[in-house]
2 protein chains.
Amino acid sequence: MAPRPAGRAALIPILGEVFREHGYEGASLAVIGARTGLGKGSLYHAFPGGKEEMASAVLAEIEAWFEDNLYRPLREDPDPRAAIRASLAATETYFRSGRRVCLVGVFALGEVRDRFGERIARYFAGWRDALTDALARAGRPPGEARDLAEEAVAAIQGALVAARAFDEPAMFGRSLRRIEARLLG
Amino acid sequence: MAPRPAGRAALIPILGEVFREHGYEGASLAVIGARTGLGKGSLYHAFPGGKEEMASAVLAEIEAWFEDNLYRPLREDPDPRAAIRASLAATETYFRSGRRVCLVGVFALGEVRDRFGERIARYFAGWRDALTDALARAGRPPGEARDLAEEAVAAIQGALVAARAFDEPAMFGRSLRRIEARLLG
DNA sequence: TCGTGAATGTACCGATTGGTACAGATTATG
DNA sequence: CATAATCTGTACCAATCGGTACATTCACGA
């Protein structure tokens with residue numbers, strides 16, 4: 001596939017934040033235009049498929065980031081315990097210590113799940129499986145590893161919801177530390 | 001306050017489902033009308049404040065339901081361990097074994113949080129505090145009780161997100177059983 | 001300096017949004 | 001039956017939605 005204009009790449013993080021803050025349907029072309037400083041002409045030039053293509057590009061970037069920065073290290077780091085610790089630290093940074101919301105989680109709860117269902121499931125499954133792998137390599141019995149991983153992935157999502165519901169971002173860090181204790185304890 | 005027409009009460013559960021499925025902004029008057037079988041005239045007669053009043057009424061019903069069926073029993077049941085078990089069973093039933101989403105959680109993640117922020121926080125705080133109370137009465141040290149409660153409330157939200165992301169409602173029941181083990185173990 | 005294609009802003013499209021106005025139907029009360 | 005209050009459907013409103021069309025501007029190679 002032909003390389004898209006460079007500007008496109010720069011837009012994706014902005015689009016990500018807009019989708020995070022407003023959700024898929026809530027992210028109108030008006031607010032996207034305002035945040036990117038671009039008119040519809042430019043937006044549709046970079047993303048001929050409109051909003052759907054924008055969201056798809058954002059999802060692709062997120063998938064790639066998590067694969068590179070979380071899943072692969074969890075699977076491949078020779079020190080699985082260190083990898084688990086590092087992955088939780090990266091998670092805290094990525095979600096801005098609870099001030100940022102998980103776009104995939106938001107999508108999962110909304111109507112857009114029908115549109116991106118496969119990729120949403122893949123994002124979560126990738127996380128769970130990578131964590132399962134690390135836990136197993138750290139000595140956990142396979143079944144227990146998978147259970148713990150499933151629990152941790154869900155707990156992270158829940159911590160993001162709760163931190164936002166309480167309007168208390170610090171809750172996210174507390175949750176991550178509890179999760180780390182459970183995983184490594 | 002004067003009692004609203006009886007029809008109003010019957011509408012609220014329907015409105016709740018619509019808001020759950022579509023979110024606040026996604027629940028257009030068109031779909032609300034279709035689901036309730038009522039025209040705008042009737043809807044605005046029952047809820048002069050429009051969508052905001054509808055959502056507010058739904059939230060009020062949810063708050064009351066949780067207070068009556070979860071929070072108060074957790075605080076008052078002389079057998080706190082039985083109360084915790086019962087509250088988790090009620091939770092599984094309420095969320096239809098993971099097929100139903102938490103409206104308050106959905107609101108917390110969306111833009112509507114600005115509109116209902118206080119009540120969203122109160123819903124979560126009520127849950128956490130009631131569970132903290134039961135755990136303390138069951139013999140947990142106060143700090144540990146509160147931590148466990150916070151973790152459990154977040155975990156329930158996370159389990160709902162994950163169950164929907166994986167499109168695997170059974171995950172919710174699994175999570176609840178793990179939570180029960182942690183709380184009572 | 002010119003030409004060319006990419007990049008961009010703007011006007012516009014039909015559809016839909018939340019909300020209002022109001023006339024007519026329905027119901028309860030005398 | 002008559003009258004009044006309560007409901008309810010429909011037509012309508014301005015604003016906004018996602019998306020298209022197109023004329024203009026821009027950067028850059030020949």
Side-chain angles (χ1 to χ4, degrees), chain A residues 1-60 103 106-107 110-116, chain B residues 1-60 103 106-107 110-116:
Chain A
M1 47 182 166
R4 290 277 181 196
R8 190 183 143 108
L11 287 176
I12 293 179
I14 303 175
L15 294 175
E17 291 311 313
V18 174
F19 282 125
R20 262 180 252 276
E21 292 167 21
H22 300 273
Y24 181 78
E25 12 264 339
S28 71
L29 288 182
V31 337
I32 293 174
R35 287 283 285 273
T36 57
L38 260 43
K40 294 188 186 184
S42 313
L43 290 172
Y44 271 84
H45 181 75
F47 303 93
K51 270 178 76 172
E52 170 136 14
E53 186 175 343
M54 298 181 204
S56 180
V58 169
L59 279 178
L103 183 135
V106 171
F107 276 18
E111 300 183 83
V112 259
R113 195 197 52 158
D114 303 332
R115 222 189 281 243
F116 299 110
Chain B
M1 48 183 166
R4 290 275 181 197
R8 190 183 144 107
L11 288 176
I12 293 180
I14 302 176
L15 293 175
E17 290 311 312
V18 175
F19 282 124
R20 263 180 251 276
E21 292 168 21
H22 301 274
Y24 181 78
E25 12 265 340
S28 70
L29 288 181
V31 336
I32 293 174
R35 287 283 285 271
T36 58
L38 260 42
K40 294 187 185 184
S42 313
L43 290 173
Y44 272 84
H45 181 76
F47 303 93
K51 269 178 78 173
E52 170 137 13
E53 186 174 342
M54 298 181 204
S56 180
V58 170
L59 279 178
L103 183 135
V106 171
F107 276 17
E111 301 183 81
V112 260
R113 195 198 53 159
D114 303 331
R115 221 189 281 245
F116 299 111

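Within every chain, numbering begins at 1; the chains are lettered A, B, ... in the order of the sequence lines, protein sequences first and strands thereafter. What you see is a predicted model; the values in this text were computed from it and never measured.
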Using a 3.5 Å cut-off and no angle test, enumerate the donor-acceptor pairs between side-chain atoms of residues 28-39 of chain B and protein atoms at least two apart in sequence or in another chain.
residue : atom : partner : partner atom : Å
S28(B)  : OG   : A30(B)  : N            : 3.4
S28(B)  : OG   : V31(B)  : N            : 3.3
R35(B)  : NH1  : E21(B)  : OE1          : 2.9
R35(B)  : NH2  : E21(B)  : OE2          : 3.2
T36(B)  : OG1  : I32(B)  : O            : 2.7
T36(B)  : OG1  : G33(B)  : O            : 3.4
T36(B)  : OG1  : L38(B)  : N            : 3.3

When rounded to whole Å, the CD to P distance for the pair E52(B) and dG18(C) reads 13 Å
Can you find a pair of side-chain heavy atoms, one from M54(B) and one from L43(B), that are under 4.5 Å apart? yes
Gap between atoms OH and P, on Y44(A) and dC22(D) respectively (whole Å): 17 Å
Taking C-beta and beyond as the side chain, do V112(B) and V106(B) meet within less than 4.5 Å on heavy atoms? no
I need the residues from residues 21-42 of chain A with at least one non-hydrogen atom less than 4.0 Å from DNA chain C; give them sorted by number, or say none. L38(A), G39(A), K40(A), G41(A), S42(A)
Taking CZ from R8(B) and C1' from dT8(D), how many angstroms apart are they, rounded to a whole number? 17 Å
Residues which pass salt bridge (charged side-chain N to carboxylate O under 4.0 Å, His left out) with E52(A), listed by chain and number, not counting sequence neighbours: R115(A)
Separation of F47(B) atom CZ from dC7(D) atom C1', in whole Å? 14 Å
Please identify each residue that fulfils side-chain hydrogen bond (donor to acceptor under 3.5 Å, both in side chains) with E25(B), with sequence neighbours left out. none
Given dG18(C), dG18(D), dA6(C), identify the nucleotide with an atom nearest to the side chain of H45(A). dA6(C)
For A55(B), side-chain contact (heavy atoms from CB on, under 4.5 Å) partners two or more places apart: F19(B), Y24(B), F107(B), F116(B)
